[in-house]
Amino acid sequence: MAKNLNERQSKGDKRLKIAIILNVLIGFIIIIIIGEIIFGVLFKGIYVVQHSMYPTLNGATFDDKHGGDYVYVSPTAKPTYGDIVVVIRNDRSAIIKRAVAFGGDKVKIVDGDLYVMYAGEDEFTLIEESYVGEDRKTDPGKNNYPYSKNGVADEWHLVEENCMFLLGDNRDASVDSRENGDFALDSLYGVVTDWSIKYKDTISKFHIFFKYSLPEFFGVHVKVEGLE
């Protein structure tokens, strides 16, 4: 009799332990799901294609789905000087560039050097751009701005109110505000987070594995999508 009671108690203890473990696992899964939902609301993932932001960000080619960096943007962040931003163009396509000036600022580029006269000031400031390599600003046609009829830089460009002046870090190759003018703040999709740039290598490997490598293993074709 006592033996049967002990066996029943032992079985009850095992069932209790199993129930506790299952509840902990379920709770852990719920926390992960809630965390994913909150993260998805606060941040949007971006896969970079083309090379306008090199060397800060690597971009995949249209023919190769590997090689691009994966970063996150904050849709609610307000951009400031030097931020990398994503904007939506009139054709609904998106581009990723660096914001160097805002409404009321005056901008000029002379022999690859960027100068900004901030709104309310009366002198230009030479912007130290450590993210732009000297070998990435050698084209006179791209690195003197604004353009005049004889190919020499004009005095300056005044950024329109409620707009941003955007440049790619790969100055010789980027198509940006030098060709397309100012971008309205209303076209902003989000500001790239500093932490995702810092850990972009790890984030990109994780993304490539689950987005591309894993589907390819099962024979699933994945179309390349990203940002210029």
Side-chain angles (χ1 to χ4, degrees), residues 46 48-59 61-62 68-69 71 73 77-192 194 197 226-228:
I46 295 297
V48 182
V49 298
Q50 298 190 6
H51 53 282
S52 69
M53 286 301 295
Y54 184 84
T56 307
L57 296 173
N58 293 308
T61 66
F62 288 113
D69 285 330
V71 293
V73 303
K78 183 179 179 180
T80 188
Y81 296 96
D83 280 344
I84 297 175
V85 300
V86 174
V87 296
I88 307 298
R89 294 184 289 195
N90 292 333
D91 61 1
R92 306 309 302 165
S93 63
I95 61 172
I96 184 167
K97 306 291 180 185
R98 191 181 295 273
V100 299
F102 295 89
D105 295 337
K106 296 175 182 177
V107 177
K108 66 179 179 179
I109 302 174
V110 181
D111 295 331
D113 291 330
L114 172 65
Y115 295 85
V116 177
M117 183 187 294
Y118 299 107
E121 297 187 359
D122 54 8
E123 291 185 359
F124 277 96
T125 299
L126 172 62
I127 307 302
E128 297 293 336
E129 298 184 287
S130 58
Y131 43 80
V132 180
E134 291 299 322
D135 60 336
R136 300 288 165 178
K137 50 179 183 178
T138 60
D139 183 352
K142 296 282 289 183
N143 288 289
N144 287 290
Y145 178 85
Y147 309 114
S148 65
K149 293 181 180 179
N150 60 5
V152 179
D154 276 340
E155 192 173 0
W156 39 256
H157 165 76
L158 176 63
V159 183
E160 296 181 22
E161 292 298 330
N162 299 313
C163 289
M164 304 173 287
F165 192 86
L166 306 180
L167 294 173
D169 290 357
N170 191 358
R171 245 1 102 72
D172 284 346
S174 176
V175 177
D176 41 49
S177 285
R178 292 170 294 180
E179 291 81 13
N180 297 317
D182 304 326
F183 288 84
L185 286 170
D186 289 343
S187 67
L188 179 71
Y189 178 74
V191 178
V192 178
D194 291 337
I197 295 178
L227 293 174
E228 297 177 8

I want to check something: taking the side chain as every heavy atom from C-beta on, are [X] and [Y] in contact at a cut-off of under 4.5 Å?
X: Arg89; Y: Phe183; value: yes
X: Asp186; Y: Asn162; value: no
X: Ile95; Y: Val87; value: yes
X: Lys137; Y: Asp113; value: yes
X: Val192; Y: Ile46; value: no
X: Met117; Y: Trp156; value: no
X: Asp105; Y: Phe165; value: no

Minimum heavy-atom distance between [X] and [Y], given as atom pair plus value:
X: Asp172; Y: Lys142; answer: O-CE, 3.5 Å
X: Ile84; Y: Ile197; answer: CD1-CD1, 3.8 Å
X: Ala99; Y: Val85; answer: CB-CG1, 4.5 Å
X: Gly103; Y: Ala119; answer: O-CB, 4.3 Å
X: Val86; Y: Ala94; answer: CG1-CB, 4.2 Å
X: Ala101; Y: Val116; answer: CB-CG1, 4.4 Å

- Message: Tell me if the CG atom of Asn90 is crowded by more than 12 foreign heavy atoms within 6.0 Å.
- Response: no

- Message: Taking atom CG as the centre, does Asp139 end up with more than 12 heavy-atom neighbours from other residues, nucleotides or ligands that are less than 6.0 angstrom away?
- Response: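 Yes, the 6.0 Å shell around CG holds more than 12 heavy atoms from other groups.
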
- Query: Passes side chain to side chain contact (heavy atoms under 4.5 Å, CB included), Ile109 versus Leu167? Steps please.
  - Reply: CA-CA 11 Å; Ile109 302 174; Leu167 294 173; 4.1 Å; yes

Quick one: pull up [atom1] in [X] and [atom2] in [Y] and give me the separation to the nearest 0.5 Å.
X: Ser187; Y: Met164; atom1: OG; atom2: CE; value: 5.0 Å
X: Ser177; Y: Leu166; atom1: OG; atom2: CG; value: 4.5 Å
X: Thr125; Y: Glu123; atom1: OG1; atom2: CD; value: 8.0 Å
X: Lys97; Y: Met53; atom1: NZ; atom2: CE; value: 8.0 Å
X: Gln50; Y: Leu57; atom1: CD; atom2: CG; value: 13.5 Å
X: Asn58; Y: Asp69; atom1: CG; atom2: CG; value: 4.5 Å

- Query: Would you find a donor on one side and an acceptor on the other, under 3.5 Å apart, between the side chain of Asp169 and the backbone of Tyr54?
  - Reply: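 Such a contact is absent between Asp169 side chain and Tyr54 backbone.
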
- Message: Just to verify, which of Lys108, Glu179, Arg178 counts as forming a side chain to side chain contact (heavy atoms under 4.5 Å, CB included) with Tyr145?
- Response: Arg178

- Task: Apply side chain to side chain contact (heavy atoms under 4.5 Å, CB included) to the pair Arg98 and Asp176, showing each step before the final yes or no.
- Result: CA-CA 9 Å; Arg98 191 181 295 273; Asp176 41 49; over 6 Å; no

- Query: Hey, what's the ring geometry for Tyr81 with Tyr118, parallel, tilted or perpendicular (30° and 60° as the breaks)?
  - Reply: perpendicular

- Parallel, tilted or perpendicular: which describes the rings of Phe124 and Tyr115, with under 30° parallel and over 60° perpendicular? perpendicular

